[in-house]
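FYI, side chains are in, hydrogens and waters are out, and symmetry mates aren't considered; it's all heavy atoms of this structure. No experiment lies behind these values; they were computed from the predicted model shown.
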Amino acid sequence: MHKNMLNIIQKAKDTFTYHSFHYVDEHDVKDYEVVYESTDGVLLKGIHPSQQKPHLHFFVHDIETLKVILKPYPNHLIEFVPKDWMLPLEKIGYIPYAVLRDYWYVYQNPVPASSLTFATPEQTLEIALLSQSRTGSSRAFSGETVEVVSQWVTNQVDGVDDSCVLIHQSDVIEGAVMVGLYGENEKRTLWVRLIVVKASLQNQGIGQKLLSQALYYGQVHHAKRAFLMADDLNQNALYLYQKMGFKPDLTSEQIDMISK
């Protein structure tokens with residue numbers, strides 16, 4: 001990303017009340033372009049790095065400006081939409097793409113010990129293909145790229161330490177969970193980024209085993225809490241997470257929308 005783009009993004013984040021530039025690093029938007037820039041707002045256009053869909057990052061003060069600057073770009077994904085903006089955007093052709101919510105687990109009782117099988121760099125492609133094969137299993141889920149899986153397998157994730165990918169396998173990998181830790185002392189947190197199970201092996205308890213292993217891994221590494229993110233409509237996953245002791249954060253959510 002060139003320096004001018006970085007300056008535009010930083011200034012826009014400092015200037016505008018609402019924006020979608022959350023949990024994004026420079027690499028994610030290196031191929032984006034500025035398609036609108038004024039005192040009313042800023043709009044960046046590119047391909048979403050994980051969803052692989054046309055995507056817009058917005059920086060505005062109000063919904064009316066956003067409606068105007070979005071108009072030339074149909075069939076684009078936008079993220080982090082304020083809840084009270086959903087209806088106005090639906091009126092101009094946007095539909096919910098996902099409503100993502102954090103689920104939190106607090107370590108209180110000891111997690112039973114589990115045998116952990118760690119993925120190797122040689123298994124990176126197989127894990128990525130497994131995750132991509134589950135594209136569409138819930139809204140907004142499109143799997144992970146080989147590059148992302150490799151970062152987690154080799155513990156090279158920015159802002160995260162002790163990352164790894166735990167796997168359940170027979171002759172082939174049947175399921176995987178990507179985990180990492182951040183924070184210190186009482187804020188030590190296990191992040192469960194991904195749980196994926198082969199389609200033909202759903203409802204056989206593999207997901208529960210993987211999540212149990214993830215929590216045990218966090219316990220070994222002194223985590224005090226754990227979190228994962230799930231779509232509000234992914235009922236099967238939500239049942240498992242709550243069964244395992246995860247509780248939803250009802251105070252906030254990430255609302256993503258896409259134009260028809």
Closest non-hydrogen atom pair, Phe59 against Ile9: CE2-O, 4.2 Å
Side chains of [X] and [Y] in contact at under 4.5 Å (non-hydrogen atoms):
X      : Y      : result
Gln204 : Lys198 : no
Met5   : Lys30  : no
Leu43  : Leu70  : yes
Lys83  : Ile255 : yes
Val60  : Asp40  : no
Tyr107 : Leu215 : yes
Ile195 : Tyr241 : yes
Leu228 : Leu211 : yes

Tyr18 ring center within less than 6.0 Å of Phe16 ring center: no
Centroid-centroid distance, His55 to Tyr32, less than 6.0 Å: yes
Cut-off 3.5 Å, side chains only: do [X] and [Y] have a donor facing an acceptor?
X      : Y      : value
His61  : Thr17  : yes
His22  : Gln254 : no
Gln51  : Tyr97  : yes
Thr145 : Glu147 : no
Ser212 : Gln208 : no
Ser163 : Asn155 : yes

Tell me whether [X] shares a hydrophobic cluster with [Y], the cluster being built from Ile, Leu, Val, Met, Phe, Trp, Tyr side chains joined at under 4.5 Å.
X      : Y      : answer
Leu116 : Val149 : no
Leu130 : Val177 : no
Val196 : Phe118 : no
Met86  : Ile78  : yes
Leu240 : Tyr216 : yes

Check: [X] side chain, [Y] main-chain N or O, donor-acceptor pair, under 3.5 Å:
X      : Y      : value
Gln213 : Leu166 : no
Arg134 : Val197 : yes
Ser131 : Gly143 : no
Ser150 : Val146 : no
Ser142 : Thr135 : no
Glu122 : Ala119 : no
Glu126 : Gln123 : no

Salt-bridged, [X] to [Y], with N to O below 4.0 Å?
X      : Y      : value
Arg225 : Glu186 : no
Lys247 : Asp102 : no
Glu253 : Arg101 : yes
Asp62  : Lys67  : no

Aromatic plane relationship, Phe58 with Trp85 - under 30° parallel, 30 to 60° tilted, over 60° perpendicular: tilted
Parallel, tilted or perpendicular: rings of Phe80 and Tyr23 (30°, 60°): tilted
Residue pair Ser20, His57: steps toward the side chain to side chain donor-acceptor pair (under 3.5 Å) verdict: CA-CA 6 Å; Ser20 62; His57 272 299; 2.9 Å; yes
Once rounded to the nearest 0.5 Å, what's the spacing between atom [atom1] of [X] and atom [atom2] of [Y]?
X      : Y      : atom1 : atom2 : result
Asn234 : Leu100 : CG    : CG    : 10.0 Å
Glu174 : Asp171 : CD    : CG    : 8.5 Å
Ile47  : Asp28  : CD1   : CG    : 13.5 Å
Leu66  : Lys71  : CG    : NZ    : 13.5 Å

Worked verdict on Ile8 versus Val42 for side chain to side chain contact (heavy atoms under 4.5 Å, CB included): CA-CA 9 Å; Ile8 290 171; Val42 173; 4.1 Å; yes
From CA spacing to verdict: side chain to side chain contact (heavy atoms under 4.5 Å, CB included), Tyr103, Phe227: CA-CA 5 Å; Tyr103 282 73; Phe227 92 95; over 6 Å; no
Test log, rule side chain to side chain contact (heavy atoms under 4.5 Å, CB included), inputs Leu56 and Leu77: CA-CA 6 Å; Leu56 298 166; Leu77 173 67; over 6 Å; no
Verdict with reasoning, Leu181 to Thr189, per side chain to side chain contact (heavy atoms under 4.5 Å, CB included): CA-CA 5 Å; Leu181 292 108; Thr189 302; over 6 Å; no
Flag if over 12 foreign heavy atoms under 6.0 Å of CD, Glu33: yes
